[in-house]
Structure formats: C-alpha cells, structure tokens
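Read the structure below first, then the notes.
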Amino acid sequence: MDLSGKRVLVSNDDGYQAPGIAVLAEAMAALGAEVWISAPRDEQSAAGHSLTIRRPLRIIKQSDRVFAVDGTPTDAVLLGVLEVMKETPPDLMVSGINRGGNLGEDVTYSGTVAAAMEGTLLGIPSIAFSLVVADGAQPKWATARLAVERTFAHFAGLKLPPKVLLNVNIPDVAEDGLGGVELTRQGYRKIGSDIHRAFDPRGEAYYWIGAQREEDRYAEGTDLEAVGRGVLSVTPLGLDLTHEPTRDDLARLGRA
Ligand code: MN
C-alpha cells in the first residue's frame with residue numbers, strides 16, 4: 001500500500017519512547033506516510049479505554065511531529081486528533097506495536113486497542129498492532145516490522161466501515177517463519193487466579209495481580225489459535241457491543 005501524501009497518527013500504550021512505536025513509525029514512513037506521534041508519556045499498558053477527566057492534561061512537544069501526553073492512550077489520541085493535528089487531520093491511525101499480544105479478552109483491557117478504538121470513534125480508520133512475546137523472551141521487532149508491511153500489502157485499498165477497527169496480532173516467530181495474513185475472530189482465554197498477597201511494613205495486606213492468563217485450548221479460527229501457528233492474525237472489531245442474538249431473544253420474551 002502506498003501511503004504517500006497520507007498523514008498517519010501513531011500512538012500506543014507502552015509510551016512514546018517504547019521500541020515498538022519507533023518500529024511502527026518507521027514502517028509508516030517507509031510506506032511514504034507523513035508520520036505524527038501523539039502517545040502517552042508513561043507506560044499505560046492495561047489502561048483500557050480510560051479517559052482522564054479529573055485533572056488537566058499536558059501535551060509535551062518532543063519535536064515537530066512528536067508529542068507526549070501525560071495521560072492514557074485514549075487521551076493521547078483524542079488530543080492528537082483534536083489539538084495537535086487539528087489543522088491537518090490524519091487519514092489513518094495506527095497503534096502499537098505493543099510489546100505483548102492483545103488476544104481474546106485482552107482487547108477490553110488493552111490500551112493499544114483502546115487507542116485504535118478512540119481513532120475509530122473520531123472517524124479515522126484505525127489499526128492496532130501487537131507483538132506476541134513469550135515469557136522471558138526478547139520481542140522480535142524485525143518480525144513485527146515485516147508483519148506491518150505484510151498487513152498493508154494484504155489490505156491495499158481497504159475501506160473500513162464506521163465503528164470498525166482492525167486488531168492485528170503478530171506471532172512470536174523469526175522473520176523467515178512468519179506466515180501470511182489470516183482473518184480471525186476474538187478468542188477467549190480465561191483469566192487465571194494468580195493474585196499475589198503480601199504485607200506492607202505496617203502489616204496491612206496488599207495484592208498484586210500476577211500473570212493473568214491460563215491458556216485455554218485454542219479454538220480454530222480465533223486470534224489465539226492463529227498466532228500459535230505463526231500466522232498474522234487480523235480480527236475486525238466492532239465498537240457497537242450490542243449482542244444481537246440476545247437482543248432478539250429478549251425482544252421475543254417481551255412479546256410473550
Ligand atoms: Mn502495552
């Protein structure tokens with residue numbers, strides 16, 4: 001896909017200095033885009049779609065088109081579009097590349113996906129990129145860079161409908177092992193019970209949510225299953241969360 005002449009807003013939840021956002025910004029620039037960055041100053045992983053409304057926000061200019069926001073990913077995208085780029089609105093918004101996958105129900109906790117949700121709500125086609133990283137392993141950024149290129153090549157000419165974004169998950173494989181794009185649906189892996197309890201110096205208990213996941217068996221066609229096979233998982237996510245079959249059931253009950 002040729003992005004020449006297009007303005008692309010890049011954000012994330014790992015913070016504007018994270019390695020993944022640099023990889024994504026470079027990939028966008030290589031496709032010819034004019035790249036703008038508005039991203040959280042500090043890491044905001046698992047911030048979800050949180051909006052800061054009880055304190056003021058600052059935009060800290062780093063260079064001509066790079067801005068750090070002292071808030072959440074949602075704040076960074078909102079201010080990026082409505083303030084930083086208000087004279088020159090973006091044609092496309094990309095989020096990531098997150099250090100770690102955003103699979104299954106991660107999408108509701110994820111700040112990476114939420115940044116793309118915010119872009120979508122502002123009427124900008126938005127794509128979230130996340131790189132699966134095995135526990136204790138180094139992120140494979142070269143694979144991630146290739147995956148971004150492969151995604152844009154695959155979806156050249158793509159027009160996303162309103163309120164729909166793409167959630168892209170990149171498998172934890174070497175570059176030469178990276179498979180093609182596969183369309184998937186959101187999978188499910190249950191949250192584990194890894195809650196650590198300890199005591200502070202005054203003897204009060206505190207809790208730390210640990211490694212949250214227990215791997216469920218992966219169902220075919222899901223994002224989880226796809227990255228397990230080394231392919232590039234692309235899931236279209238809708239921001240209208242209405243569950244239509246249940247709505248229909250309830251409507252029938254109401255008539256009974
Ligand atoms: Mn993150």
Side-chain angles (χ1 to χ4, degrees), residues 8-28 35-52 57 60 62 66-80 93-121 126-145 147-148 151 165-173 186-187 189 191-192 194 208-213 215 223-224 226-227 232-235 237:
V8 177
L9 172 62
V10 185
S11 195
N12 74 349
D13 78 358
D14 293 338
Y16 79 103
Q17 291 178 304
I21 200 169
V23 173
L24 187 52
E26 283 163 23
M28 292 296 102
V35 176
W36 294 65
I37 292 177
S38 177
R41 184 189 60 188
D42 307 308
E43 178 168 355
Q44 296 286 321
S45 292
H49 200 186
S50 169
L51 183 66
T52 302
L57 289 164
I60 309 118
Q62 306 294 320
V66 179
F67 300 82
V69 173
D70 65 343
T72 65
T74 299
D75 298 331
V77 173
L78 194 65
L79 290 176
M93 191 268 149
V94 289
S95 178
I97 301 167
N98 190 58
R99 185 190 198 285
N102 279 305
L103 301 156
E105 79 280 10
D106 292 345
V107 299
T108 60
Y109 298 110
S110 166
T112 306
V113 175
M117 287 179 175
E118 192 59 22
T120 304
L121 290 173
S126 301
I127 306 176
F129 289 94
S130 304
L131 172 62
V132 176
V133 183
D135 284 344
Q138 287 301 310
K140 296 184 176 66
W141 295 121
T143 302
R145 167 75 188 259
V148 172
T151 303
L165 61 98
L166 294 185
N167 183 36
V168 179
N169 277 283
I170 303 159
D172 182 21
V173 295
Q186 185 187 336
R189 52 178 167 177
I191 294 179
D194 186 23
W208 201 319
I209 298 170
Q212 294 174 41
R213 312 302 180 196
E215 307 282 310
D223 47 9
L224 284 153
V227 295
L232 199 41
S233 166
V234 178
T235 314
L237 296 178

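Counting starts at 1 for both ligands and their atoms, in listed order. All values below come from the heavy atoms of this structure, side chains included, with hydrogens, waters and symmetry mates left out. The structure presented is a predicted model; accordingly, all values stated were derived computationally and were not measured.
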Worksheet item: Can an N, O or S atom be found in Ser45 less than 2.8 Å away from the Mn ion (ligand 1)?
Response: yes
Worksheet item: Does Asn98 put an N, O or S atom under 2.8 Å from the Mn ion (ligand 1)?
Response: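 Looking at Asn98, which is the residue asked about, there is an N, O or S atom under 2.8 Å from the Mn ion (ligand 1).
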Worksheet item: For Asp13 and Thr112, does a side-chain donor sit closer than 3.5 Å to a side-chain acceptor?
Response: yes
For [X] and [Y], which heavy atoms make the closest approach, and how far apart are they?
{"X": "Val173", "Y": "Thr143", "answer": "O-OG1, 2.7 Å"}
{"X": "Glu118", "Y": "Leu78", "answer": "OE2-CD1, 3.2 Å"}
{"X": "Pro73", "Y": "Ala115", "answer": "CB-CB, 4.0 Å"}

Response to the item:
Here the vertex angle at the Mn ion (ligand 1) for OD1 of Asp14 and OD1 of Asp13, given to 10°, is 90°
